[in-house]
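A short write-up of the structure that comes next.
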2 protein chains.
Amino acid sequence: MRNSTETTKRPRGRPRAFITDEVLDRVRTVFLKKGFAAASVDELAAAAGLNRPSLYAAFGDKEQLYIHTLRFYGQKSVEGLDAVLAGTGTIEQRLSKVYKLAIDLYTAPPHRPGCMIVGTAAVESPTHPKIAAVANELLVAIEKSLERAFAASDLSREPSPAARARMAGAIMHSIAIRARLGAKAADLRTFAASMVPVICR
Amino acid sequence: MRNSTETTKRPRGRPRAFITDEVLDRVRTVFLKKGFAAASVDELAAAAGLNRPSLYAAFGDKEQLYIHTLRFYGQKSVEGLDAVLAGTGTIEQRLSKVYKLAIDLYTAPPHRPGCMIVGTAAVESPTHPKIAAVANELLVAIEKSLERAFAASDLSREPSPAARARMAGAIMHSIAIRARLGAKAADLRTFAASMVPVICR
DNA sequence: TGTGTTTTGTGCGATACGGTACACAAATAC
DNA sequence: GTATTTGTGTACCGTATCGCACAAAACACA
């Protein structure tokens with residue numbers, strides 16, 4: 001994981017011809033469309049714009065590359081979630097915005113990919129424990145973020161913040177699944193809109 | 001799709017050495033553990049106890065075999081769902097039983113496979129439209145079944161039966177995802193128990 | 001300019017994969 | 001009993017896969 005800025009002194013040998021975050025971002029699109037198992041290293045390297053040996057040298061084998069990508073995607077998602085939930089407006093408004101942004105992302109053309117964790121990491125869980133562990137970390141982080149937002153809100157304590165977070169997370173899971181199976185963004189938006197008042201009751 | 005009973009007259013040639021439903025059931029375990037892409041036809045044939053050419057002759061290529069298996073699994077699931085929802089007790093009790101049975105299935109050792117639709121079909125959706133279509137059919141059938149049960153109940157019409165069904169389905173999706181990622185059955189049970197009154201409010 | 005270090009890119013090797021051809025076996029129809 | 005039909009099992013083909021070896025290239029440093 002090297003810094004992409006030029007602030008640090010250059011290292012010894014031949015410089016890299018790529019930026020780590022850019023590679024992970026391009027690789028992500030392939031993993032997100034095809035899933036881990038069906039994505040070939042050739043495709044991944046082609047999408048990243050570099051050769052297989054460079055990929056292997058930089059990230060290790062396919063599983064490690066997937067884990068790097070999943071962490072990269074997950075951390076950015078959690079950061080975005082935190083940012084929206086820390087914004088202004090009522091908790092209902094902020095939660096609605098979270099769903100709106102998620103739906104935009106999950107139904108993005110041309111593939112309606114859904115969420116990388118729910119849509120591609122889950123399937124590998126029984127056969128790739130390391131992937132399962134990272135996916136779990138990320139889902140926990142997402143729920144913790146939601147729980148903090150509910151705890152900081154002025155909602156009643158009766159459904160506890162943790163319970164509300166599980167519920168909000170469940171709605172997100174369902175949106176991700178339905179999006180990947182081809183649901184229309186409009187339908188998902190009305191579904192999310194109908195669930196926000198239930199979660200925040 | 002041949003009948004396994006001996007009621008019909010035997011067909012012309014050499015009889016099959018397997019029962020269709022048994023093969024689909026064994027194949028299902030492999031697809032459910034590994035997903036469509038990672039399951040090799042060799043494994044599938046070995047699990048089914050027959051050779052690849054027999055598999056191809058009976059079901060077509062790997063995608064068609066997966067679709068047969070998915071339909072087989074899905075139809076039995078929908079039938080089981082209908083049966084429980086048509087049973088006795090309040091709608092809360094019947095919905096609780098649905099979740100209880102689903103959780104038992106989804107967290108079954110040794111793989112905690114989750115649901116075949118959510119856990120393995122969804123990932124192939126962008127690259128295999130036929131799989132996506134079948135998965136959609138099944139999710140719709142599940143929601144219709146739930147909707148019928150809510151419509152026949154004495155719950156208020158304010159969250160419409162369709163809205164309640166979407167909500168109940170979302171909870172099922174989330175349970176399936178969490179189970180495949182390793183969640184404990186006990187945690188899923190408390191989650192489901194906490195959601196039933198919300199859905200049936 | 002020379003030396004050490006790291007990355008790049010061509011190319012390879014071993015394996016696993018999906019799918020099928022073909023000969024043999026087992027049953028029925030006549 | 002012979003012909004016909006259907007399923008089984010071995011063996012095979014072409015391809016795609018992952019992962020790596022190796023030499024050339026591009027840099028820092030002396």
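All figures in this text were calculated on a predicted structure; none of them were measured in a lab. Lettering of chains follows the sequences in order, A, B, ..., and the numbering in each one begins at 1. Atom set for the values below is all heavy atoms of this structure, side chains included, hydrogens, waters and symmetry mates excluded.
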Charged N-O contact under 4.0 Å between A:R189 and A:D104:
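Answer for the salt bridge query: yes.
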With a 4.5 Å heavy-atom cut-off, do [X] and [Y] have their side chains touching?
X	Y	result
A:L81	A:L101	no
A:P110	A:K33	no
A:F36	A:V123	no
B:I171	B:V198	no
A:H128	A:I67	no

Given [options], identify the nucleotide with an atom nearest to the side chain of [X].
X	options	result
B:F18	D:dT8, C:dA29, C:dG9	D:dT8
A:A17	C:dT5, D:dA21, C:dT8	C:dT8
A:P53	C:dG19, C:dG4, C:dG11	C:dG11
B:R52	C:dG18, D:dC20, C:dT8	C:dG18

Rounded to whole Å, how long is the line connecting atom [atom1] of [X] with atom [atom2] of [N]?
X	N	atom1	atom2	result
B:N51	D:dT6	CG	P	20 Å
A:F36	D:dC18	CZ	C1'	11 Å
B:D42	C:dG18	CG	C1'	9 Å
B:Y66	C:dG18	OH	P	15 Å
A:Q64	D:dG19	CD	C1'	12 Å
B:L65	C:dC17	CG	C1'	15 Å
B:H128	C:dG18	NE2	C1'	12 Å
B:L50	D:dT10	CG	P	13 Å

Quick check on DNA chain C: between B:K62 and A:S54, whose nearest nucleotide comes earlier from the 5' end?
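The answer here is A:S54.
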Check every strand shown and say whether [X] touches a base, only sugar-phosphate, or nothing at a heavy-atom separation below 4.0 Å.
X	result
A:A38	nothing
B:A57	nothing
A:A37	nothing

Looking only at heavy atoms, what is the nearest atom pair of B:T120 and B:F31, with distance?
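Taking B:T120 first and B:F31 second, the nearest heavy atoms are CG2-O, 3.6 Å.
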Check the angle between the aromatic planes of B:F18 and B:F59 and answer parallel, tilted or perpendicular using the 30° and 60° thresholds.
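Tilted: the ring planes of B:F18 and B:F59 meet at 30° to 60°.
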Compare side-chain N and O positions of A:R16 against OP1 and OP2 of C:dT7 and report whether any pair is under 4.0 Å apart.
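The answer is yes; a side-chain N or O of A:R16 sits under 4.0 Å from OP1 or OP2.
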Ignoring backbone atoms, test whether A:Y56 places a side-chain nitrogen or oxygen under 4.0 Å from the OP1 or OP2 oxygen of D:dC20.
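No, A:Y56 has no side-chain N/O under 4.0 Å of OP1/OP2 on D:dC20.
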Please produce a list of atom pairs where a protein N or O lies less than 3.5 Å from an N or O of nucleotides 23-26 of chain C.
from	atom 1	to	atom 2	distance (Å)
C:dA25	N3	B:R14	NH1	3.2
C:dA26	O4'	B:R14	NE	3.4

D:dT6 base to B:R12 side chain: any donor-acceptor pair below 3.5 Å?
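No.
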